[in-house]
Asks: 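Before I ask anything, let me first share the structure, which is written out below as structure tokens.
Note that this is a predicted model, so its numbers are computed, not measured. Letters go in sequence order (proteins before strands), and every chain restarts at 1. We use all heavy atoms of the structure for the numbers below, so side chains are in, but hydrogens, waters and symmetry mates are not.
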Amino acid sequence: MGRGAASSSSSSFESSSYPSVSSESSFPQLKRDLSTDLRLGLSISTSQQDTPSTPSEQLSDWPPSKPFPRKALESEENECSSSTLFVKVYMEGIQIGRKLNLLAHDGYHDLIQTLDQMFNTNILWPEMDVENSGHCHVLTYEDKEGDWLIVGDVPWEMFLPSVRRLKITRADSL
Amino acid sequence: MNYFPDEVLEHIFDFVTSQRDRNSVSQVCKPWYKIESSSRQKVFVGNCYAISPERVIERFPGLKSITLKGKPHFADFNLVPHDWGGFVHPWIDAFARNNMGLEELKLKRMVISDDSLELISRSFANFKSLVLVSCEGFSTDGLAAIASNCSFLRELDLQENDVEDHRGHWLSCFPDTCTSLVSLNFACLKGDVNLAALVRLVARSPNLRSLRLNHAVPLDILQKILMRAPHLVDLGVGSYVHDPDSETYNKLVTALRKCKSVKSLSGFLEAAPQCLPAFHLICPNLTSLNLSYAPGIHGTELRKLIRHCRKLQRLWILDCIGDEGLEVVAATCKDLQEIRVFPSDPFVGNAAVTEVGLVALSSGCPKLHSILYFCQQMTNAALITVAKNSPNFTRFRLCILDPTKPDAVTNQPLDEGFGAIVQSCKGLRRLSMSGLLTDQVFLYIGMYAEQLEMISIAFAGDTDKGMQYLLNGCKKLRKLEIRDCPFGNAALLMDVGKYETMRSLWMSSCNVTLGGCKSLAKKMPMLNVEIINETDQMDISADDEQKVEKMFLYRTLAGRRKDAPEFVWTL
């Protein structure tokens, strides 16, 4: 039918572990008891057999989706489950910095708005018109090679994987 | 038309391409049968045990392209034991011995050995296309033989096969003179590949339009490949991982900018979400997107990606997209025709989808006609709404993760909901159901599902009547697969002639007994009635009253098969 989880599951059953499927000889019987139970509309209880886990978990053939290639990727998921990219942000002259999730923003404009609010300032960047020159800051970033660059020169999608941290510096100190 | 010379008839028949139509043509009269059979080049065999290879060769001597299917569909879900069958070797052997000019071979759920692959590569000088779907029994050595010997190979497409990886250099086996590749898909291979050989192969394949990589191909190689193959139409990204240095990433973005033809995207077998925006460049042109192997892509990143895909027609994703994500799909992808939402690993949050996502899709996507939907819960109201919004469904497959869950709001069975679907969707050809279902739903299906060809049922029904309504009503039924339902001998034996109009019937964990199956086998000699017995509980002299754990029957002209393993009995 499709591809997906190697082991069966249902969120309506509480469990913290998914034991491996029971041995072949007990399996057919277990299934039959389960199907009788289900047809009668009884809720699944753990007390019907001696097995510690609920019967549904032991169905290696439900839900009907192909196990391949999820087995190989199971360990991968824990690493990739977050979609955040938090970087440190410092304002020149202030020792304590903040942290910001870059992935929560759509692009530079969005980012600048957040930073303006966070640090109560106006941040200039290459595409903006300079209207009031006083009380201005510029946003810079450290890239993976350790160099400090002005934010905004490269497309957003190129910026994201290369940025290590941000710094807001005074416009007149550049 | 009998006064036309044969060549003229043959020329006219050339325009008839679908197998069903050609079958009809061949039944008009004997001369037409002869001409059609001698000129047919493409043959589809839905069950490799339904007919012998010799008979196919005899009837279609001009055969160039064949599709064969082996194991029953439920083999995908561990219901069919290993070694059940589906061995392709007798076919290859017969084609080779008879000097058939085979050019294309497509196999699904079959067992193919390295020896068979070697035989193919040496026997058919014009061999052009090998497509293996959900197959097993071979290793990268067999692929090496194909690569080495098939000088005009255009297509090597491996989809979800279980391949033994000898980490050989099969990719290096393509000779320098091989420049004909159009399609190469090795996404399912578990091992490493020779990356330099891969890049060289791509560089010398000007016709390459489809390339799907496995997880062993990293970002920098992907970039090199894209630079050499800017005309790709279908791309399967292998590994799209973690921390590329900026230069590699920048080069990739540059390469992607040049790939203006990519319409189909898949893979991301390992993916770092923060690198995904590079693909936003390609999204506006995509008609097909398959992220069902990419558990690392979900949440905001996934939604951002989808918002760029306005032309999408086909979408395969994991249920971690959530109802919210499906609402984005419904709002963005107005050309969507097919969607499949697969269950992701249960450990990853509560992001599964519900009836909300389904209704959103049917409301937002007017062209949607094919769906596979694994969900947390469903309601009759939602199904009725979907039936109203989308009368054009041809394939409707719903799987609730808890197989007997009733309507999440009313606690009623889902009979009315599915009934509405079959009544509204007059063109429905394939249906899978789940949730709490009584005999009533089968009455509806029998009454309304006139075009239904394939149906999958699990944990449904109350009495034999359920299955009887189905068999009585669905005149076009070809494949029926049932598990864990209370259907017994009365249903099985009600209309034995029906099974000769169908390809196959699977019943497991139902109430049919050995005696019932024996009776059926006796009445219908043109059927193979096979019992799969995995435990030692049953033997030939067993009590006829004993329930049969797994039964698979199919019509056949070839008699009982000779390659059945010990645990399969043909009655």
Side-chain angles (χ1 to χ4, degrees), chain A residues 1-13 15 18 21 24-25 27-28 31-32 34-36 38-39 41 44 56 59-70 72-74 76-85 102-104 106 143-145 154-158 160-162, chain B residues 76-79 134 160 162 188 190 215 243-246 249-250 253 269-275 277-278 280 292-293 295-296 298-301 304 318 340 342-350 352 372 374 376 397 399 401-405 432 436 456 458-459 462 484 486 509 534-535 549:
Chain A
M1 238 169 151
R3 68 216 60 183
S7 54
S8 66
S9 73
S10 168
S11 66
S12 61
F13 303 115
S15 75
Y18 288 76
V21 177
E24 283 287 308
S25 53
F27 190 47
K31 250 198 307 181
R32 194 154 304 168
L34 168 66
S35 60
T36 312
L38 292 173
R39 279 199 301 281
I44 303 297
S56 156
L59 289 177
S60 68
D61 45 34
W62 189 269
S65 84
K66 294 176 209 172
F68 166 93
R70 301 302 310 278
L73 300 176
E74 259 164 23
E76 178 63 35
E77 273 157 22
N78 297 331
E79 296 166 47
C80 279
S81 54
S82 66
S83 55
T84 59
L85 181 62
L102 286 179
L103 290 188
D106 287 324
D143 73 1
K144 293 216 148 56
E145 286 152 16
V154 299
W156 177 254
E157 52 269 8
M158 273 194 201
L160 284 179
S162 52
Chain B
D76 287 349
F77 319 129
N78 296 330
L79 278 167
S134 300
E160 298 191 336
D162 188 6
C188 65
K190 299 168 229 170
H215 73 96
D243 238 21
D245 60 82
S246 347
Y249 187 77
N250 294 347
V253 173
L269 307 175
E270 293 164 357
Q274 59 262 39
C275 300
H280 292 181
S292 61
Y293 291 125
H298 53 262
T300 17
E301 279 316 305
K304 270 193 219 169
L318 294 171
R340 297 194 190 190
F342 295 100
S344 49
D345 197 65
F347 294 123
V348 180
N350 274 337
L372 169 61
F374 285 83
Q376 202 73 268
R397 295 154 72 188
C399 179
L401 292 172
D402 176 2
T404 57
K405 196 165 181 174
S432 303
L436 186 63
S456 313
F459 303 101
D462 307 310
D484 294 277
S509 304
E534 294 168 272
T535 71
E549 187 51 42

Asks: With sequence neighbours left out, write down each residue that passes side-chain hydrogen bond (donor to acceptor under 3.5 Å, both in side chains) with B/D162, or none if nothing qualifies.
Replies: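 Testing B/D162 for side-chain hydrogen bond (donor to acceptor under 3.5 Å, both in side chains), a comparison that skips the adjacent residues, returns B/K190.
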
Asks: Would you mind telling me which of B/S344, B/S292, B/C399, B/P343 makes a side-chain contact (heavy atoms from CB on, under 4.5 Å) with A/S65?
Replies: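 With A/S65 as partner, side-chain contact (heavy atoms from CB on, under 4.5 Å) holds for just one option, B/P343.
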
Asks: Can you list the residues that meet the side chain to side chain contact (heavy atoms under 4.5 Å, CB included) rule with B/A278, with sequence neighbours excluded?
Replies: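 Scan of B/A278 (side chain to side chain contact (heavy atoms under 4.5 Å, CB included), adjacent residues dropped) gives B/Y240, B/Y249, B/V253, B/L256.
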
Asks: Can you name the closest pair of heavy atoms from A/L103 and B/K304 and give their distance?
Replies: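 Minimum heavy-atom contact is O-NZ, 3.1 Å.
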
Asks: When rounded to the nearest 0.5 angstrom, what distance separates CH2 in A/W62 from CG in B/D402?
Replies: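 Here the interatomic distance stands at 9.5 Å.
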
Asks: Looking only at heavy atoms, what is the nearest atom pair of B/F374 and A/P63, with distance?
Replies: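 The answer is CE2-CB, 3.9 Å.
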
